[in-house]
Undergrad: 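First, the structure itself, so that you have it in front of you.
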Amino acid sequence: MEDIHKECLMALETSLDAIVSVDGTARIRVWNLAAVRVFGYPKEEALGMPVEKIIPEQYRERFREGFKRFVNTGEGPLVGSATEMEGLRKDGSIVPVEITIASLRVNGWQATAVIRDISGRKKLEDELKLRVDETERLNKLMVGRELKMGEMKREIERLKAIIEGASKGEEG
């Protein structure tokens, strides 16, 4: 049994994703090394602190309301599904994250979240959007240019016909 416990702790600490567990009072009880990297709080500081410290201010009231329901039922809109949201780092910066929450009943409901920093993915998505927007802009310019070239070609043909008509009138 002790070996299984050690293996679980090793898996927890070596996970690339942050793993954060909170008790029924919304205080942090588990905080792995990846959580330190994502949020900037050393483990000693994070353990026992309110989880609200890693939730941006504008989401805290909604969190409080949802957590009250969670403590009573073990259910909530984020339980059992992956959701993109924002986290708050110790330095006050915002980090985009994907979070999956599981509920567990041990002396009351507890929540464990697996949190993935998706900053890199968001940066790539933003770059891709910029490139798509630029491609669309260039495409519109090219289409406009092609339309203008068609208009010019028709105008040249019209002028050519007028000149040829005038030349035939001079010959006759």
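Just so you know, residue 1 is the first one in the sequence shown, and it goes up from there.
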Undergrad: So do the side chains of V143 and L147 get within less than 4.5 Å of each other, counting heavy atoms only?
TA: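 Heavy-atom side-chain distance check passes, below 4.5 Å.
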Undergrad: Any ion pair linking R158 and E155 (charged N to carboxylate O, less than 4.0 Å)?
TA: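 Salt bridge: yes.
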Undergrad: Within the structure provided, determine whether L130 and E134 are in side-chain contact (heavy-atom separation under 4.5 Å).
TA: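 Answer no - side chains too far apart.
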Undergrad: Mind checking what makes ring-ring contact (aromatic ring centres under 6.0 Å, His included) contact with F67, not counting sequence neighbours?
TA: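 Result, ring-ring contact (aromatic ring centres under 6.0 Å, His included) vs F67: F63, F70.
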Undergrad: Could you tell me whether E65 and R62 make a salt bridge, using a distance below 4.0 angstrom between a side-chain N and a carboxylate O?
TA: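 R62 and E65: not salt-bridged.
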Undergrad: I'd like to check R116 versus V97 (side-chain heavy atoms, cut-off strictly below 4.5 Å). Are they in contact?
TA: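 No. Closest side-chain heavy atoms not under 4.5 Å.
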Undergrad: For R89, check side chain to side chain donor-acceptor pair (under 3.5 Å) against everything at least two apart and list the hits.
TA: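 With sequence neighbours excluded, R89 shows a side chain to side chain donor-acceptor pair (under 3.5 Å) to D117, given in chain and number order.
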Undergrad: Answer yes or no: does atom CG of D133 have more than 12 heavy-atom neighbours from other residues, nucleotides or ligands under 6.0 Å?
TA: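 Yes, the 6.0 Å shell around CG holds more than 12 heavy atoms from other groups.
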Undergrad: Less than 4.5 Å apart, side chain to side chain, heavy atoms only: is that true for I54 and W31?
TA: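 Yes; the side chains approach each other to less than 4.5 Å.
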Undergrad: State which residues pass side chain to side chain contact (heavy atoms under 4.5 Å, CB included) with K122; sequence neighbours excluded, sorted by chain then number.
TA: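 Only E84, P96, I118, E125 meet the side chain to side chain contact (heavy atoms under 4.5 Å, CB included) criterion with K122.
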Undergrad: With the threshold set at 4.0 Å, does a side-chain nitrogen-carboxylate oxygen contact exist between R154 and E157?
TA: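 So R154 does not pair with E157 through a salt bridge.
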Undergrad: Would V114 end up clustered with I99 when hydrophobic side chains under 4.5 Å apart are linked, directly or stepwise?
TA: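 Unlinked, V114 and I99 end up in two clusters.
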Undergrad: Show which side-chain atoms of residues 18-27 pair as donor or acceptor with protein atoms under 3.5 Å away, not counting sequence neighbours.
TA:
| unit_1 | atom_1 | unit_2 | atom_2 | d |
| --- | --- | --- | --- | --- |
| S21 | OG | T112 | OG1 | 2.6 |
| D23 | OD1 | T25 | N | 2.9 |
| D23 | OD1 | T25 | OG1 | 2.6 |
| D23 | OD1 | A26 | N | 3.3 |
| D23 | OD1 | R27 | N | 3.1 |
| D23 | OD2 | T25 | OG1 | 3.4 |
| D23 | OD2 | R29 | NE | 2.7 |
| D23 | OD2 | R29 | NH2 | 2.8 |
| R27 | NH1 | G48 | O | 2.9 |

Undergrad: Would you tabulate the side-chain donor-acceptor contacts of residues 39-46 under 3.5 Å, counting partners in other chains and residues two or more places apart, or write 'none'?
TA:
| unit_1 | atom_1 | unit_2 | atom_2 | d |
| --- | --- | --- | --- | --- |
| K43 | NZ | E13 | OE2 | 2.7 |
| E45 | OE1 | K90 | NZ | 2.8 |
| E45 | OE2 | K90 | NZ | 3.4 |

Undergrad: Would you check if V95 and S119 make a side-chain contact, meaning some heavy-atom pair closer than 4.5 Å?
TA: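 Side-chain contact under 4.5 Å: yes.
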Undergrad: Tell me, do K123 and D126 make a side-chain contact under 4.5 Å, heavy atoms counted?
TA: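 No, every pair of side-chain atoms sits at 4.5 Å or beyond.
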Undergrad: Is S15 reaching over with its side chain to a backbone N or O of A11, donor-acceptor style, under 3.5 angstrom?
TA: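 Not a single qualifying donor-acceptor pair exists.
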Undergrad: Any side-chain heavy atom of L138 sitting closer than 4.5 Å to one from L141?
TA: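 In contact.
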Undergrad: Just by modelled atom types, is the L12 backbone N or O under 3.5 Å from a matching donor or acceptor in the N32 side chain?
TA: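 Checking the backbone N and O of L12 against the side chain of N32, a donor-acceptor pair under 3.5 Å is found.
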Undergrad: Does V36 share a hydrophobic cluster with V38, counting links as ILVMFWY side-chain heavy atoms below 4.5 Å and allowing steps through other members?
TA: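 Yes, same cluster.
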Undergrad: According to side chain to side chain donor-acceptor pair (under 3.5 Å), who are the partners of S103, at least two apart in sequence or on a separate chain?
TA: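 Checked S103 against side chain to side chain donor-acceptor pair (under 3.5 Å); zero matches.
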